Structures are given as structure tokens and as C-alpha cells.
> 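Handing you this structure, nothing more for now.
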Amino acid sequence: MRFVKVVLLALAVCSGFAVEVSAQKQEPIVYAINNLSHYYDFHADWGFKRQYLNGGEDKYTTGWSCIYNTDLSNANMLMLFNCDDRLPYVEKDIAKIKAFLKEGGSLMILSNGTSTSQNDLATLFGASFVDGVKAPLKAAEPYATAPEVAMKASARQHLHLQKPAKWTVAVEDAEGRPMLAYTKSGKGRVLVGVRGLLGDNTDDIYDTINREMWHRVWRDVVRGGKKVDPDKGLRHQYIECVENKIQRDGLDITYNDYLAPCAEAMFNIAKQTMPVVEQIMGVPLSANMGSKIVLIPTAGGGYSAGEVIALAVWWGDFPKREDSMIEFITHESVHSWVLPWAEIWNEPIATYVGYLAMMQLGHKAEAERRIANTIRQATKLDPNFDLYDVDGKSWKEGVEDIPQNKLYGVHWGKSMWIFEQLRKENPDWVADYYKAKRKLAGKDQVTRMDANNTVALMSVAMGRDMFPWFRSIGFDVERNAAEIKF
């Protein structure tokens with residue numbers, strides 16, 4: 001043994017710093033898949049990677065297929081942000097998770113306190129979520145990166161650990177109750193925590209609360225566990241990996257096994273709605289836009305990503321009610337329809353066309369009620385609709401702009417009021433406007449879609465100069481400032 005040490009020392013002297021570097025502890029790499037098949041989390045899909053796992057060697061992707069069909073071959077962590085109780089974990093999910101842990105993979109279970117199914121999963125590994133939390137929160141020494149751990153208002157629970165001695169607690173509340181902890185399971189580890197310890201604002205790149213703390217925890221959780229191949233990376237597991245597809249009558253709808261009971265109802269309502277939207281818009285969908293629909297497990301919204309429209313399967317209590325789903329399908333598809341330029345009232349116009357679709361599909365009274373309620377919001381700040389544009393700006397002397405925290409009502413309410421005034425004069429103004437937009441506002445024809453170009457297109461659609469009217473209702477627009485001439 002002594003001879004070996006002498007040889008090693010001689011090698012160290014000859015190679016300079018080589019031994020010192022090799023002796024350093026190599027930090028593990030996190031290769032995480034966040035599965036969205038039981039619960040769609042907008043932050044997990046859009047903001048989390050950018051805010052927490054963007055840069056360095058760590059890798060992250062979202063998995064849309066069922067857990068039991070998810071490719072975990074080169075992942076060392078499976079993340080589950082929540083579970084909708086309408087889609088509880090099935091036996092094949094549990095078997096897949098346990099096999100992953102057995103081979104050294106790690107599992108992260110988070111909860112916002114709303115899911116019995118998520119709690120049941122945590123209970124399988126000796127933890128549960130219990131009401132009650134008291135600030136300030138404190139991290140254990142290895143994870144203490146700030147005097148206090150930040151906590152979202154949504155964090156209202158702590159953890160109950162069945163065998164505390166087997167757990168490493170990373171965060172606890174002011175009364176010493178665990179908020180984030182991990183334990184050994186198979187050759188891997190299970191990390192259980194409160195969702196409110198992570199950021200949740202998809203649009204705010206700086207909503208990275210506790211970022212360094214989480215990185216230290218994740219590295220310790222995967223340390224010594226399943227090996228990953230850095231040359232392979234993570235297999236992209238987006239929409240093309242979802243198990244099922246309906247392709248008929250010009251529609252392309254994809255969905256995972258869990259959502260199969262919802263698929264036919266969604267297909268039928270989309271089949272009814274899309275032709276009506278095209279008739280209202282007056283032009284077909286923009287090329288390659290909105291051609292695919294993917295179903296997501298949430299009641300809380302969706303999005304349009306150009307070619308793909310994501311629809312929440314339980315929006316507006318669907319399939320029990322169809323009125324809100326008609327508006328929702330229309331709203332998301334219109335975001336693709338209006339391209340290549342978004343509108344100055346991009347969200348309101350999408351919803352308004354949805355209300356027009358509702359009217360044509362048997363829900364006229366409900367659509368008119370929603371329009372009236374939205375308009376009513378704007379009257380609190382702009383009673384006569386003559387002070388502001390839809391961004392809350394005023395060119396009138398002595399009238400201050402609307403602060404950002406009060407803008408919502410005017411942006412939506414005044415937009416709806418304008419649309420209704422136009423509809424009274426020309427019931428087909430939407431179609432006429434988008435016909436003009438397709439003809440006069442291509443990417444090679446204008447450089448922007450600002451208020452001036454918008455009013456110019458309105459003028460073409462309405463068959464008269466609309467600039468005087470828009471100025472009378474608070475818009476600082478000038479005909480000669482528009483790129484579109486009429």
C-alpha cells in the first residue's frame with residue numbers, strides 16, 4: 001500500500017494539477033422529464049425550463065404521453081407537478097414509477113393542496129400533504145442560499161412524514177414542519193414538496209424563487225443514482241409522442257390514453273365550430289396555422305402556438321356544457337387566424353369572435369350577456385367611451401393614462417364596445433376586416449400592425465374613413481401615419 005501511495009505521489013508531481021482536478025467531486029447532472037399527462041401546468045410547459053433548468057449541462061423536457069408510455073431511458077428524474085383527480089394514477093403508472101426508482105431514477109412529487117390523487121401517490125412513499133404552514137420558512141444548512149425561503153401565497157400545506165428518520169428535510173416552516181424532503185427508494189430517491197416553493201409566473205423570466213436552493217436539492221436527489229449519457233440528451237417527448245389521433249373531416253386531434261373518454265366529444269364540438277369561425281372570419285386559416293388540436297388535462301385554459309392549438313378538455317364544465325367550449329375553441333383558433341400580425345386587441349378580438357360563434361350555434365343570449373358584462377367593466381374608467389385607446393393611453397389634455405393594474409377592464413371592455421358599434425353598422429365587419437387584412441397587410445406590405453394600420457383596415461372594411469371616429473373615442477391616430485393607404 002505504501003508503494004502505491006508513493007507511485008501516485010510521483011504521478012501527481014509529474015502531471016501538475018491533474019490529480020487535484022480528478023479528485024474533485026463531480027457534480028451530478030439533472031436529466032428531468034416533467035410529465036403533463038395527468039395535469040397540465042402552464043409554468044412547467046413554458047416557464048420552468050427557462051427559469052430553472054436553462055443553461056449548463058442540466059436537461060429538461062415535458063412528457064405528454066401517459067406515464068407508462070414515457071421514455072425514461074436517459075432521464076434520472078421524473079417530475080410530477082400535480083394530478084387532476086379526474087385522471088388518477090393507474091396501476092401501470094405506479095409500476096413504471098417503481099421500476100424507474102428501482103434502477104436509480106428519482107421522482108419529484110409536488111402539490112398545491114388540491115389533489116387527492118397527488119396525495120395518494122406521495123403516501124405510497126411515506127409522505128402526505130397536511131393543511132397548515134407558518135412563515136418564515138427556513139432551509140437546512142446545505143440548502144440555505146438566503147436568510148429565508150421564498151413562498152408563494154398558494155403554499156398552504158406542509159408534509160407529514162411517516163418515518164421522519166428516513167427523510168432528509170430540505171425546507172421547514174417556522175414551527176419546524178417539513179415543506180420539502182427526500183428519501184431513498186430502490187436505488188433512487190423520492191422528493192416530495194409544496195408547489196408554492198417554485199415560481200409559477202410563466203411570463204416572468206425573473207420568477208425564479210429559491211432557484212439556487214432547488215438546484216442543490218435536485219443534485220443531491222439524483223446523486224449516486226441512475227447514470228445518464230450526456231451524448232444522448234433527452235428524447236423530445238412533445239405532441240408527436242401522444243398515443244392517439246383522430247384525423248377525419250379536415251380535423252387533426254391528438255390525445256393521450258387518459259383523455260380518450262373526452263376525445264370524441266371534443267372532435268364533435270370542434271367539427272361544429274371551425275366552419276362557423278371560418279364563415280365569421282371571411283377567410284380560411286393562415287397557411288399551416290391551427291391545423292392540429294391537442295387535448296390537455298386541465299380546466300384552466302389553453303394556447304395557440306401557430307400550427308398547434310391546445311385545448312383544455314374540461315373548460316367551462318365541458319362536456320356537460322358546450323357554450324364556453326365553442327368560445328374557447330374559437331378563441332384559440334383565431335390567434336392563428338389573425339397571423340401574420342397579432343392585433344392591437346389580440347385577446348379581446350379572439351374572444352369576441354368566439355361570442356359570435358356562440359350566437360350562431362344556439363347560445364345567443366349567453367353570448368350577449370357576456371359581451372354586456374365585459375363592456376360594463378370599461379364604463380367605470382371611461383363612462384362615455386371617449387377618453388382612452390385600448391392600451392389605456394389618452395391624447396386628451398388633462399387625462400392621465402390608466403395605470404397598468406387597472407388596464408384590464410378598459411382593454412377588454414372598450415374593445416368589445418368598439419366591436420359592437422361596428423357590428424351595428426356592418427354585421428359582417430369581422431369578415432370584411434380580415435379580407436382587407438389578408439389583401440393589404442402581408443409581411444412584405446407593412447412593418448407593423450399598430451393602431452394606425454388597424455384603423456386603415458377598418459376604413460376599408462367599413463367603406464368609409466374611420467380615423468375621425470376613432471379619434472373621437474380617444475385613439476391618437478392619423479391617416480397619414482398609416483402604411484396602408486385607402
Side-chain angles (χ1 to χ4, degrees), residues 30-54 58-67 70 72 75-89 93 96-97 100 105-125 127-129 150-157 159 170-171 179-182 189-204 207-211 213-215 217-218 221 234 237-238 256 258-259 296-303 310 312-314:
V30 178
Y31 271 46
I33 294 177
N34 198 328
N35 189 273
L36 303 176
S37 61
H38 283 275
Y39 175 86
Y40 183 77
D41 186 300
F42 281 91
H43 180 255
D45 192 17
W46 296 99
F48 179 76
K49 177 182 178 180
R50 182 177 72 248
Q51 295 169 356
Y52 285 91
L53 285 175
N54 195 22
D58 294 328
K59 303 297 179 186
Y60 173 85
T61 191
T62 50
W64 289 60
S65 60
C66 297
I67 288 176
T70 300
L72 300 173
N76 58 11
M77 181 175 286
L78 174 63
M79 295 180 167
L80 304 174
F81 273 30
N82 211 349
C83 180
D84 193 292
D85 286 333
R86 286 166 285 203
L87 301 176
Y89 299 106
D93 293 329
K96 177 86 170 192
I97 290 170
F100 181 59
S106 294
L107 173 69
M108 183 177 81
I109 305 171
L110 301 183
S111 176
N112 61 10
T114 62
S115 171
T116 299
S117 300
Q118 196 76 337
N119 193 62
D120 290 346
L121 181 63
T123 302
L124 290 178
F125 302 101
S128 57
F129 297 93
M151 177 177 66
K152 293 283 184 175
S154 58
R156 300 185 180 94
Q157 292 192 314
L159 303 177
V171 177
M179 303 283 288
L180 182 67
Y182 60 88
R189 294 183 178 90
V190 176
L191 172 66
V192 183
V194 176
R195 176 68 177 88
L197 298 177
L198 272 173
D200 57 11
N201 189 334
T202 300
D203 298 322
D204 184 359
D207 189 21
T208 54
I209 63 170
N210 309 316
R211 186 178 190 275
M213 180 201 77
W214 276 105
H215 272 265
V217 171
W218 287 324
V221 168
L234 275 175
Q237 301 191 40
Y238 194 48
N256 63 40
Y258 307 135
L259 297 178
I296 56 177
T298 180
Y303 63 85
V313 293
W314 302 299

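Computed from a predicted structure; not experimentally measured. Counting from 1, the numbers follow the sequence of the chain as shown.
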> As an exercise, state the distance from CE of M79 to CD1 of I109, rounded to the nearest 0.5 Å.
12.5 Å
> Any chance the side chains of S154 and D200 put a donor and an acceptor closer than 3.5 Å?
no
> Looking at every non-hydrogen atom in both residues, tell me the closest pair between D45 and W64 and how far apart they are.
OD2-CZ2, 3.6 Å
> Give, for atom OG1 of T298 and atom CG of D41, the distance between the pair rounded to the nearest 0.5 Å.
9.0 Å
> Roughly how far apart are R189 CZ and N76 CG, rounded to 0.5 Å?
11.0 Å
> Going through the checks in order, is the side-chain contact (heavy atoms from CB on, under 4.5 Å) test met by F129 and V192?
CA-CA 9 Å; F129 297 93; V192 183; 3.5 Å; yes
> Could you grab the distance from atom CG of L78 to atom CE of M108, nearest 0.5 Å is fine?
9.0 Å
> Using modelled atom types only, decide if a donor and an acceptor are shared between the side chain of D120 and the backbone of T123 within a distance under 3.5 Å.
no
> Let me confirm one number: the OH-SG distance from Y89 to C66, rounded to the nearest 0.5 Å.
12.5 Å
> At their closest point, which heavy atom of L197 faces which heavy atom of N210, and how far apart are they?
O-ND2, 2.8 Å
> Donor-acceptor check, side chain of N256 to backbone of I296, threshold 3.5 angstrom: yes or no?
no
> What do the steps show when you test H215 against D58 for side-chain contact (heavy atoms from CB on, under 4.5 Å), and what is the final call?
CA-CA 10 Å; H215 272 265; D58 294 328; 3.6 Å; yes
> Apply the side chain to side chain donor-acceptor pair (under 3.5 Å) test between H38 and each candidate in D85, N82, D93, D84; give the one that qualifies.
D93
> For the residue pair T208 and W214, establish whether any side-chain heavy-atom pair is separated by less than 4.5 Å.
no
> Once you round to the nearest 0.5 Å, how far does CG of L121 lie from OG of S128?
12.5 Å
> Between F48 and W218, how do the two ring planes meet: parallel, tilted or perpendicular, split at 30° and 60°?
perpendicular
> Kindly give the heavy-atom pair with the smallest separation between L87 and Y258, and that separation in Å.
CD2-O, 3.6 Å
> Determine whether Y39 and P297 make a side-chain contact, defined as any pair of heavy atoms from C-beta on separated by less than 4.5 Å.
no
> Using every non-hydrogen atom in the two residues, find where V221 and M77 come nearest and quote the distance to one decimal.
CG1-CE, 3.8 Å
> Any side-chain heavy atom of V313 sitting closer than 4.5 Å to one from R86?
no
> Do you know which two heavy atoms are closest between A44 and N34, and how far apart they sit?
CB-ND2, 3.5 Å
> Go through the steps for Y303 and W46 under the test side-chain contact (heavy atoms from CB on, under 4.5 Å), then give the verdict.
CA-CA 11 Å; Y303 63 85; W46 296 99; 3.4 Å; yes
> State whether the side chain of Q51 and the backbone N or O of H43 hold a donor-acceptor pair below 3.5 Å, judged by distance alone.
no
> If you look at every heavy atom in R195 and G199, which pair is closest and at what distance?
NH1-O, 3.0 Å
> What I'd like to find out is whether the side chain of S106 reaches to under 4.5 Å of the side chain of L191, using heavy atoms alone.
no
> Are the side chain of Q118 and the backbone N or O of L110 linked by a donor-acceptor pair below 3.5 Å?
yes
> Between I97 and F125, does the side-chain contact (heavy atoms from CB on, under 4.5 Å) criterion hold? Intermediate values first, please.
CA-CA 11 Å; I97 290 170; F125 302 101; 4.1 Å; yes
> Could you tell me whether the side chain of K96 and the main chain of L72 form a donor-acceptor pair under 3.5 Å?
no
